[in-house]
Amino acid sequence: MRVRFAPSPTGNLHIGSVRTALFNWVYAHKIKGKVVLRIEDTDLKRSEPQFETNILEGLKWLGLDMDEGPESPGDTGPYRQSERMETSFYKSYVDQLLTDGKAYYCFETAEELEAEKEAAELSGVAYQYSGKALSLSPEEIKSKLDLGTSYTVRFHIPENQKVTVPDMIRGDVVFDSDLLSDFIIQKSDGSPTYNFAVVVDDITMAISHVIRGEDHLSNTPRQILLYEALNAKVPQFAHLPIILGPDRSKLSKRHGAKSVTEYREEGYLADTLINYLSLLGWAPPEGREILTRTELVDLFDIGRVSKSGAVFDVTKLKWMNGMYIRRLSEEALLEAVTPFISEDLQSKLVKYSDSQRQAMVVAVRDNLELLSDVNAYLEVFSLSFEAYCTKIAALSFSESDIKVQQLAYDAIDSSSDLDSQFVGTLLDDIIEQTGLGKGKVFKPLRLATSGFGSGPALGDYIPILGKDVVLERLRHGLSKGAN
RNA sequence: GGCCCCAUCGUCUAGCGGUUAGGAUACAUGGUUUUCAUCCAUGCGACCGGAGUUCGAUUCUCCGUGGGGCUACCA
């Protein structure tokens with residue numbers, strides 16, 4: 001059992017591709033088969049090596065390891081179509097079809113074809129290739145070839161045939177061959193077209209299950225006809241529902257869809273992306289949503305993949321990322337978050353010890369949805385006294401606020417051990433002494449000690465800030481007096 | 001235009017002839033060491049329409065409507 005993931009390096013690894021890669025990966029692990037990575041770079045004009053690198057790195061980061069691919073060749077390589085072309089790999093299959101009379105030379109230029117298409121469009125008729133080249137005599141063909149006339153090779157669609165696509169998700173989908181036009185399998189530059197290259201590659205790579213996006217479903221009958229013409233066994237197919245943007249059209253850049261690299265840079269965890277994507281078009285039987293990869297493989301059932309398109313919902317992605325951030329061990333959290341702390345912030349935090357810095361990150365973790373959110377929440381600790389004063393300047397405190405702050409000041413001033421427990425009892429004491437509600441106590445203290453109206457728990461950040469800083473700030477607040 | 005696929009809360013989905021149509025997210029409210037957040041509880045919120053099959057349709061069939069995809073010398 002072999003499956004494959006076959007991206008084309010015409011852009012960075014994007015979310016839709018990852019979903020396809022993931023489902024292939026999960027399915028392969030489920031059935032104990034192999035996943036093959038094949039780079040489909042037959043579009044010489046648009047393919048770029050940098051994009052291949054991006055795809056490879058993205059897969060690696062996501063932990064979607066491929067059993068065979070350009071970096072880990074097996075014995076069905078090469079794994080780049082461009083390299084396969086060099087050995088006239090596809091050529092021999094084209095020749096086979098040519099000699100069998102299942103394909104033919106075609107000498108029309110792209111411009112001529114374009115004109116035919118426009119004419120068809122104007123008269124409201126579905127475009128079909130005219131078949132002009134079919135009436136060429138062997139002599140005519142030979143002379144054109146001898147003259148070096150530019151040509152393409154077209155596959156001759158068998159007439160009046162029902163083509164059935166065996167699909168593991170949708171069941172059998174039947175097409176009528178008469179509605180298909182003879183299509184080009186070899187471009188005038190000698191390279192194979194997509195529909196032809198995939199088939200030859202999947203045959204020679206011994207792919208047993210083709211799992212890909214639904215956008216390929218309509219092309220499948222052409223490919224099946226090719227399998228048959230080449231006397232090869234037709235694989236099982238599975239066409240995954242397409243991922244949609246908010247307007248329910250195919251997700252694309254214009255929806256603000258980002259590459260994996262960008263999600264990574266924004267502070268999403270690889271596990272989040274994997275888990276979220278696994279739930280787009282699939283759900284485990286008991287509906288649990290936070291799943292490890294192992295659970296994913298265990299619970300996966302391709303028959304449970306849904307048929308309708310799924311809208312990519314960033315809000316839920318963020319929620320899930322928060323869930324994963326909270327599940328990280330402290331070490332993993334630190335490691336994940338560190339690269340996201342800005343240089344500016346780093347420099348302002350050097351005055352703290354390593355363990356204090358760790359404590360800060362742990363203190364703010366519940367506020368994080370993206371790793372990059374740390375910068376905003378860590379500001380409580382980086383604020384200079386001047387910056388603090390500026391923030392405080394616009395605030396006004398009431399009589400009771402001042403009273404609370406004074407009580408806190410006195411208690412902290414005389415404290416010997418300013419830890420979280422001390423802060424806890426201090427707060428309880430103040431509530432008891434003043435008879436004020438919790439809000440009336442906590443809010444002015446948070447404002448006076450941090451300059452922020454929100455952030456980590458008082459007991460978490462006050463001890464890290466330290467006695468000196470806290471007293472300095474409280475003193476300033478008190479000096480403002482009540483109004 | 002032609003062909004193909006699809007259709008349950010705003011969104012992701014469970015359901016596979018009889019259910020108070022379930023969960024998650026989002027939103028609202030309440031609770032927890034206050035505010036933001038976490039966590040917990042509660043609430044709001046859906047079967048596209050019409051025929052047919054059936055004792056009974058969200059579920060099966062057909063038609064309609066809507067959405068999407070494909071229809072390249074792109075993949």
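Throughout, a chain's letter reflects where its sequence line sits, starting with A, and its residues are numbered from 1.
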Student: Starting at NZ of A/Lys117 and ending at C1' of B/rG2, how long is that distance when rounded to a whole Å?
Tutor: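 Rounding to the nearest Å, NZ of A/Lys117 and C1' of B/rG2 are 15 Å apart.
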Student: Taking donor-acceptor contacts at under 3.5 Å, does the side chain of A/Ser188 reach the base of B/rC73?
Tutor: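 In this structure, the two groups form a donor-acceptor pair.
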Student: Return the polar atom pairs (N/O with N/O) between nucleotides 57-63 of chain B and the protein under 3.5 Å, or none.
Tutor:
none

Student: Compare the minimum distances between each of B/rC5, B/rA26, B/rA37 and the side chain of A/Asp366, then state the nucleotide with the smallest one.
Tutor: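 Per side-chain heavy atoms of A/Asp366, the pick is B/rA37.
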Student: CG of A/Asp189 versus C1' of B/rC74: gap in Å, rounded?
Tutor: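 Rounded to the whole Å, the gap is 13 Å.
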Student: Expressed in whole Å, how much space separates the C1' atoms belonging to B/rA14 and B/rG31?
Tutor: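 The answer is 30 Å between these two C1' atoms.
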Student: By the 4.0 Å heavy-atom rule, please label A/Glu108 as base, sugar-phosphate, or nothing.
Tutor: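 Base contact.
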Student: Atom CG of A/Leu179 to atom C1' of B/rG1: distance rounded to whole Å?
Tutor: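 Atom CG in A/Leu179 sits about 12 Å away from atom C1' in B/rG1.
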Student: Contact class for A/Thr425 (heavy atom, under 4.0 Å): base, sugar-phosphate, or nothing?
Tutor: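 No contact at all - A/Thr425 keeps every heavy atom at 4.0 Å or more from the nucleic acid.
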Student: Parallel, tilted or perpendicular: which one describes the rings of A/Tyr27 and A/Phe300, with boundaries at 30° and 60°?
Tutor: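 Judged by the thresholds at 30° and 60°, the geometry between A/Tyr27 and A/Phe300 is perpendicular.
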Student: Let's test your reading of the model: under 3.5 Å, does the base of B/rC70 pair with the side chain of A/Asn219 as donor and acceptor?
Tutor: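 Between B/rC70 and A/Asn219, which were checked side chain against base, a qualifying N/O pair under 3.5 Å is absent.
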Student: State which of B/rA75, B/rU25, B/rA72 makes the closest approach to the side chain of A/Tyr127.
Tutor: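 In terms of side-chain proximity for A/Tyr127, the closest of B/rA75, B/rU25, B/rA72 is B/rA72.
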Student: Polar-atom pairs under 3.5 Å, protein N or O versus N or O of nucleotides 11-13 of chain B: list them with distances, or write none.
Tutor:
from: B/rC12; atom 1: OP1; to: A/Val311; atom 2: N; distance (Å): 2.9
from: B/rC12; atom 1: O2'; to: A/Leu279; atom 2: O; distance (Å): 2.9
from: B/rU13; atom 1: OP1; to: A/Gly281; atom 2: N; distance (Å): 2.6

Student: Expressed as a whole number of Å, how far does the P atom of B/rU19 sit from that of B/rU58?
Tutor: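 Going atom to atom, P in each nucleotide, I get 10 Å.
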Student: Suppose we call two aromatic rings close when their centres sit under 6.0 Å apart. Are A/Tyr194 and A/His216 close by that rule?
Tutor: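 Between A/Tyr194 and A/His216, the centre distance is under 6.0 Å.
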Student: Do A/Ser249 side-chain and B/rG68 base share a donor-acceptor contact under 3.5 Å?
Tutor: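 When only heavy-atom distances are counted, A/Ser249 does not reach the base of B/rG68 through any donor-acceptor pair under 3.5 Å.
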Student: Please work out if A/Leu458 contacts a base, only the sugar-phosphate, or nothing of the nucleic acid, heavy-atom cut-off 4.0 Å.
Tutor: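 The answer is base, as A/Leu458 lies within the cut-off (heavy atoms under 4.0 Å) of a base atom.
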Student: Mind checking A/Lys307 for me? I need base, sugar-phosphate or nothing, with any heavy atom below 4.0 Å counting as a touch.
Tutor: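 If one applies the 4.0 Å heavy-atom cut-off, A/Lys307 turns out to touch the sugar-phosphate alone, with no base involved.
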Student: How far, in whole Å, is B/rU25 from B/rG18 if one measures between their P atoms?
Tutor: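 Rounded to whole Å, the distance is 28 Å.
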Student: Name the nucleic acid region contacted by A/Thr42, choosing base, sugar-phosphate or nothing; use a 4.0 angstrom heavy-atom cut-off, strictly under.
Tutor: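 Counting heavy atoms under 4.0 Å across all strands, the contact made by A/Thr42 is with sugar-phosphate only.
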Student: For the side chain of A/Trp319, counting heavy atoms from C-beta on, which of B/rC4, B/rA24, B/rC70 is nearest?
Tutor: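 Closest nucleotide to the A/Trp319 side chain: B/rA24.
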Student: Checking base pairs now: Watson-Crick or wobble, both atom distances under 3.5 Å. What partners B/rU42?
Tutor: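 For B/rU42, the partner nucleotide comes out as B/rA28, under the 3.5 Å rule.
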Student: Looking at every strand, decide which applies to A/Ser218 at a 4.0 Å heavy-atom threshold: base, sugar-phosphate, or nothing.
Tutor: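 The answer is base, as A/Ser218 lies within the cut-off (heavy atoms under 4.0 Å) of a base atom.
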Student: Determine the interatomic distance between C1' on B/rU8 and the same-named atom on B/rG49; round to the nearest Å.
Tutor: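 Approximately 15 Å lies between the C1' atom of B/rU8 and that of B/rG49.
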Student: Quick one: pull up CG in A/Leu317 and CZ in A/Phe312 and give me the separation to the nearest 0.5 Å.
Tutor: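 If we round to the nearest 0.5 Å, A/Leu317:CG and A/Phe312:CZ are 4.5 Å apart.
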Student: A/Leu180 CG to B/rC4 C1': how many Å, rounded?
Tutor: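 Taking atom C1' of B/rC4 as the reference, CG of A/Leu180 is at 11 Å.
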Student: How far, in whole Å, is B/rU54 from B/rU61 if one measures between their C1' atoms?
Tutor: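 Roughly 12 Å separates the two C1' atoms.
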Student: For A/Tyr324, does the six-membered ring have the charged nitrogen or CZ of A/Arg326 within the cation-pi criterion, i.e. under 6.0 angstrom from the centroid and within 45° of the normal?
Tutor: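 The answer is no, since A/Arg326 fails at least one limit relative to A/Tyr324.
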Student: As a test of reading the structure: which of B/rA75, B/rC36, B/rC4 is closest to the side chain of A/Asn367, going by heavy atoms?
Tutor: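 Closest nucleotide to the A/Asn367 side chain: B/rC36.
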Student: Quick check: any donor-acceptor pair below 3.5 Å linking the side-chain of A/Arg326 to the base of B/rU38?
Tutor: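 No pair found.
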Student: Please work out if A/Lys440 contacts a base, only the sugar-phosphate, or nothing of the nucleic acid, heavy-atom cut-off 4.0 Å.
Tutor: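 A/Lys440: no heavy atom of the nucleic acid under 4.0 Å.
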Student: How far, in whole Å, is B/rG45 from B/rC4 if one measures between their C1' atoms?
Tutor: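 Going atom to atom, C1' in each nucleotide, I get 34 Å.
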Student: Looking at every strand, decide which applies to A/His239 at a 4.0 Å heavy-atom threshold: base, sugar-phosphate, or nothing.
Tutor: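 No contact at all - A/His239 keeps every heavy atom at 4.0 Å or more from the nucleic acid.
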Student: Show me the protein contacts with nucleotides 31-33 of chain B, counting only N or O atoms at under 3.5 Å.
Tutor:
from: B/rU33; atom 1: OP2; to: A/Lys438; atom 2: NZ; distance (Å): 3.3

Student: Step through the shown structure and confirm whether more than 12 heavy atoms of other residues, nucleotides or ligands are within 6.0 Å of NZ on A/Lys318.
Tutor: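 Check fails, neighbour count at 12 or below.
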Student: Using 30° and 60° as the class limits, which term best fits the ring planes of A/Phe155 and A/Phe183: parallel, tilted or perpendicular?
Tutor: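 Because their plane-to-plane angle lies in the 30° to 60° range, the rings of A/Phe155 and A/Phe183 count as tilted.
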Student: By the 4.0 Å heavy-atom rule, please label A/Arg212 as base, sugar-phosphate, or nothing.
Tutor: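 A/Arg212: no heavy atom of the nucleic acid under 4.0 Å.
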Student: Check if the side chain of A/Arg170 and the base of B/rC5 share a donor-acceptor pair of N or O atoms closer than 3.5 Å.
Tutor: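 When only heavy-atom distances are counted, A/Arg170 does not reach the base of B/rC5 through any donor-acceptor pair under 3.5 Å.
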Student: Take atom P in B/rA26 and the same atom in B/rU38, then report the distance between them in whole Å.
Tutor: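 Comparing P positions in B/rA26 and B/rU38 gives a spacing of 8 Å.
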